Amino acid sequence: MRDLGVNILFEGLNMQRLLEGLWITTRIALISISFSIVFGIITGLFMLSNNKIVRLFSRFYLEMMRIVPILVWLFIFYFGVTKIVPVHLSSELVCVIVFVMWGSAEMGDIVRGAISSLPIHQKESGIAIGLTELQIYTYIIIPQAIRRLIPGAINLATRMIKTTSLAVFIGVIEVLKVGQQIIEYSLLTYPTAPLWIYGFIFSLYFMICYPISVLARKLEMKWQH
Amino acid sequence: MVNNLHLYREALILTLSLGCWGILFSFIIGLICSLISYYQIRGLKRIVSIYIELSRNTPLLIQLFFLYFGLPQLGIMINSYTCAIIGLTFLGGGYMAEAIRGGLDSVSRTQVEAGLSVGLTQSQVTRYVIFPQAMAIALPSIGANVIFLLKETSVVSAVALADLMFVAKGLIGMYYKTNESLFMLVMAYLIILLPISLLFTFLERRLRYAGFGR
């Protein structure tokens with residue numbers, strides 16, 4: 001009787017290697033998400049700026065990030081930028097740079113949406129009772145805006161985690177690549193390896209993203225009213 | 001570079017055709033799923049919600065790998081073109097379902113009741129009352145999904161399809177024409193996506209004017 005294909009997951013160091021690969025994926029995602037939040041808030045404030053040129057420029061930046069696929073951006077930075085500028089960027093660094101650029105554009109739009117969706121009278125009432133600009137922001141705008149932007153930001157985080165799977169295209173040894181290596185190594189002993197390995201990676205992504213998206217939905221429901 | 005333009009043209013057509021089929025099928029799947037979850041059809045509802053969660057919480061690349069390399073082990077052989085379309089449909093169906101459901105949910109209960117009270121049947125209410133309004137509301141998110149799906153086609157080179165990414169990578173590898181290849185790549189995507197993006201912005205604005213009594 002032939003071995004069960006599922007054993008491939010537990011043979012040797014396979015499980016450990018897959019999880020190490022997963023850690024690299026998660027590391028890229030975590031670093032990119034944290035930077036994106038910081039830069040995203042700044043981008044969002046740029047988008048809300050009173051200066052028309054700043055607004056136009058940030059709008060253009062957002063649209064470029066949205067219209068051109070992330071994979072293309074990865075290629076541009078990995079193959080193009082390193083050719084023009086004589087620097088060596090490791091593939092992981094390229095991933096982080098591109099994801100931060102994309103994430104801060106999207107995050108900026110979420111921040112912009114959250115702040116501009118606040119009714120204008122909130123700010124005006126603040127002025128009317130004599131609060132300073134700083135006080136209006138700390139006590140009125142920011143607490144309300146945060147509630148509106150957190151569900152969107154969490155959704156963006158799941159999207160970024162899913163997008164990290166593209167890292168394999170520019171040669172990051174992340175979970176998918178490790179999976180391929182295991183499959184190639186053991187295809188003769190385990191003919192059904194691809195099914196199990198890719199199925200496993202599929203469920204790994206699902207297990208990471210599902211709780212986060214449930215959380216986002218819960219918060220959205222809770223704060224809507 | 002000029003000699004290789006035809007490669008880009010073919011790849012562009014491939015990307016577009018994949019995108020069109022993917023979007024069409026995912027719209028149909030999304031429509032069915034959203035109607036099932038809107039009318040709370042027992043039994044099917046559960047399957048639909050599991051499907052939506054699965055498709056929304058996993059990356060397309062992994063889905064494609066599973067379909068293309070995993071399933072043949074179970075005896076299901078699919079060629080890469082069909083595989084890419086199935087992958088896109090699987091992914092897009094979930095997103096479309098959510099978008100349309102959002103539209104359906106926002107049609108107020110009174111509209112349905114008014115429809116029923118003037119003697120329309122349930123299916124007439126769905127077709128003439130709920131649907132036009134729901135679609136108008138769902139249009140921006142459907143548009144976003146269309147663009148999203150077209151962008152997602154960029155990973156299909158992983159299942160051995162000669163799409164734009166594949167052509168660009170090949171040209172970089174063969175002739176070391178990095179800048180030109182990447183420039184053409186960006187241009188090709190802009191040619192596809194910019195008009196669609198503008199079209200949906202325009203439609204959205206038109207519909208907002210139409211605004212059903214709001």
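In the text below, chain A, chain B and the rest are named by the order of the sequence lines, each starting its count at 1. As the structure is a computational prediction, the values presented were derived from the model and not from experiment.
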Problem - Contact leader toward chain A among B:L182, B:L193, B:I147, where contacts are heavy-atom pairs under 4.5 Å - result: B:L182
Problem - Shortest non-hydrogen contact from B:T178 toward A:K83 - result: OG1-CD, 3.4 Å
Handout entry: Heavy-atom closest pair, residues A:S165 and B:I62
Key = CB-CD1, 4.3 Å
Handout entry: Verdict with supporting geometry, A:I67 and B:L190, side-chain contact (heavy atoms from CB on, under 4.5 Å)
Key = CA-CA 7 Å; A:I67 285 189; B:L190 284 182; 3.5 Å; yes
Problem - Contact origin within A:V168 toward chain B - heavy atom pairs under 4.5 Å - result: side chain
Problem - Which atoms of A:I84 approach chain B - backbone, side chain, both or neither, heavy atom under 4.5 Å - result: side chain
Exercise for the section: Run the numbers on B:S157 and A:F169 for side-chain contact (heavy atoms from CB on, under 4.5 Å), then give the verdict. Expected result: CA-CA 10 Å; B:S157 64; A:F169 278 97; 3.5 Å; yes
Say you draw a straight line from [atom1] of [X] to [atom2] of [Y]; how long is it, rounded to the nearest 0.5 Å?
X      : Y      : atom1 : atom2 : result
A:E63  : B:S197 : CD    : OG    : 5.5 Å
B:L61  : A:K162 : CG    : NZ    : 13.0 Å
B:K169 : A:I170 : NZ    : CD1   : 9.5 Å
B:T58  : A:Y210 : OG1   : OH    : 13.0 Å

Is it true that, when you exclude [X] itself, more than 12 heavy atoms of the residues, nucleotides or ligands shown sit nearer than 6.0 Å to its [atom1]?
X      : atom1 : answer
A:F200 : CZ    : yes
B:F148 : CZ    : yes
B:Y175 : OH    : no
B:F166 : CZ    : no
B:L198 : CG    : yes

Completion exercise
Heaviest contributor of heavy-atom pairs below 4.5 Å to chain B, chosen from A:T158, A:L176, A:V68, A:I197, is A:L176
Under 4.5 Å from a heavy atom of chain A, the part of [X] involved:
X      : answer
B:Q63  : both
B:L150 : neither
B:L54  : both

Completion exercise
Sequence neighbours excluded, the answer for side-chain contact (heavy atoms from CB on, under 4.5 Å) partners of B:S154 is A:P69, A:L71, B:M165, B:Y189
Practice task
Please determine if B:E53 and A:R217 form a salt bridge, counting it only when a charged side-chain N lies under 4.0 Å from a carboxylate O.
Solution key: yes
Practice task
Name the orientation class of the two ring planes belonging to A:Y198 and B:F69 (parallel below 30°, tilted from 30 to 60°, perpendicular beyond 60°).
Solution key: tilted
Handout entry: Proximity of residues 25-35 of chain A to chain B, residues having a non-hydrogen atom under 4.5 angstrom
Key = none
Practice task
Would you indicate whether the side-chain heavy atoms of A:F79 and B:N179 approach each other to under 4.5 Å?
Solution key: no
